[in-house]
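Notes follow once the structure below has been shown.
All chains are named by letter (A, B, ...) in the order of the sequence lines, taking the proteins before the strands, and each is independently numbered beginning at 1.
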Amino acid sequence: MPGSPELSLKGVTLQRGSFLLRADGVFMPGVHLLTGRIGSGKTTCGKVLAGITRPDRGEISWSGTERVMLLQNAGYHVTRATVRDEAASWNTDPDTVIRLAGLSGKEELDILFLSRGELKRLELASLLSRGSDLVVLDEPFNALDDDARRWVTRLIAEAQNRIVIIISHDITSLPPVHELWETEEGVLKKIGRIPGDMRRWDKSPLLIRYLWQKGENPAGLSRSDLEEAVCRIHGSG
Amino acid sequence: MQDPRFRLASLFFLSAAAWSSLIGALLALIWWLCCTRGETSIRSLRQFLLFLLVPAIMGFSAFLSGQDGFSYFCRITTILILASWMYRERYPGELLDIGVWFGGKRTGFDLGLVGELSMSALEELAGEIDLVSVAIRQKGEKLRVTSIPALVTVLLVRQLRLARDRACLLTIRGYHGGGSHSPVFVTTGYDLAAGAFSFVILVFSLATRDFFIISGSTFIV
């Protein structure tokens, strides 16, 4: 697709103490899930992908304009004192963002009085409304209740022609995922496209392994795909 | 230096030497260059310039009030450099080790724990400042005077919440005061020599001390 953003990494390495990150791969528009065990280098990799951390070696080629990353703790994004000012600090229309985040009526509230979930919704809505063509979301479902998780899923699914990289262990709330990536002991590996290459996912979560054991192949990794697969088991059982 | 007791003692001797006279500060800097190969926790020129900012302002203020601002600047900068080296060299649990060795399992343990929690909070704060600067860059903002109160408030509140969480954790784990800890130290000949050298510098600088007056108060400098 001409004009589509593309991020490619070639021989990228980053040393932090005894930890070594190695990454190769190409990210095209679509939703990418980056998963892996705790401490395997997901967040570090996300920071490299978002251009926050510069690697020691290797080549990163980026054909888009803006890359942003939602940090694990949404509180780190706060740079203003009120909800309205914070939404405006992302250079978006604050009223639209506040409405989108479900915080209407709290515009003038001190940002510190928002709950963790509300703050996360505000930062997610601001970040996704900004129109950046690469968005890295580090554990976007943390601190969110079920309704808010569905809201984030919808919001991500609506993002067109941009690269969205979700870093998460939690696969129960995902939007439709196009490609699956994994970090293992600091090495970024592409598992493949979803659903075609899903069987190559050696370290798949318990739910996926359970579905496979029951002879079910989910159509994808989205919440609705997994729910349908589970329903088929119960329907046939 | 591997033994934190010698490192801390050297820091104390050299800071006192630097505080006591300009010659003491110069000798402390020579010690730092010879014994540590000039190591600090400063990672960039920008950090170094920020590092110099406070002593420079204080030194300039002293100069404007008719005191020896240059001497003040040199001595405070030396002390900060030594503190920065100490910060770089430290390992997690070092203050608890020293506290228990020095003050026993009750008072020493408590002092060591307070020290460790403080250092950990400082590290957290440094990491948080890095992340806030990432947020500012991502938003395409520039750091303005008007945004500083909000940023400082957010950082402060987060530190207070962190302190509360840690206090709760200690309470849940049954902490009342004191605790069991068996520190192990590795002392090398180099530690002994560098420690002795720092003590000699202190003795020499005390012999050449002068007095410095700032804002109507008298300090030994």
Give a yes or no answer on whether the side chain of Arg67(A) reaches the backbone of Gln138(B) with a donor-acceptor pair at less than 3.5 Å.
no

When you measure from the side chain of Glu128(B) to the backbone of Tyr76(A), do you find a donor-acceptor pair of N or O atoms at a distance under 3.5 Å?
no

Give a yes or no on whether [X] atom [atom1] has more than 12 heavy-atom contacts from other residues, nucleotides or ligands under 6.0 Å away.
{"X": "Phe63(B)", "atom1": "CZ", "result": "no"}
{"X": "Lys190(A)", "atom1": "NZ", "result": "yes"}
{"X": "Arg166(B)", "atom1": "CZ", "result": "yes"}
{"X": "Phe185(B)", "atom1": "CZ", "result": "yes"}
{"X": "Arg37(A)", "atom1": "CZ", "result": "no"}
{"X": "Arg22(A)", "atom1": "CZ", "result": "no"}
{"X": "Leu53(B)", "atom1": "CG", "result": "yes"}

Considering all heavy atoms, the nearest His77(A)-Ala135(B) contact:
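The answer is CA-CB, 3.6 Å.
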
If every non-hydrogen atom of Leu151(B) is compared with every non-hydrogen atom of Thr79(A), which pair is closest and at what distance?
CD2-CA, 3.5 Å

Are Ser89(A) and Glu141(B) linked by a side-chain donor-acceptor pair shorter than 3.5 Å?
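Side chains of Ser89(A) and Glu141(B): no pair found under 3.5 Å.
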
Residue Val134(B) versus chain A: region with a heavy atom under 4.5 Å:
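Contact with chain A is through the side chain of Val134(B) alone.
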
Mind checking whether Lys139(B) and Asn91(A) have side chains closer than 4.5 Å, heavy atoms only?
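No, too far: nothing below the 4.5 Å cut-off.
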
For Leu112(A), is it the side chain, the backbone, both, or neither that has a heavy atom closer than 4.5 Å to a heavy atom of chain B?
both

Straight-line distance of Ile52(A) CD1 to Leu131(B) CG, nearest 0.5 Å:
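Here the interatomic distance stands at 8.5 Å.
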
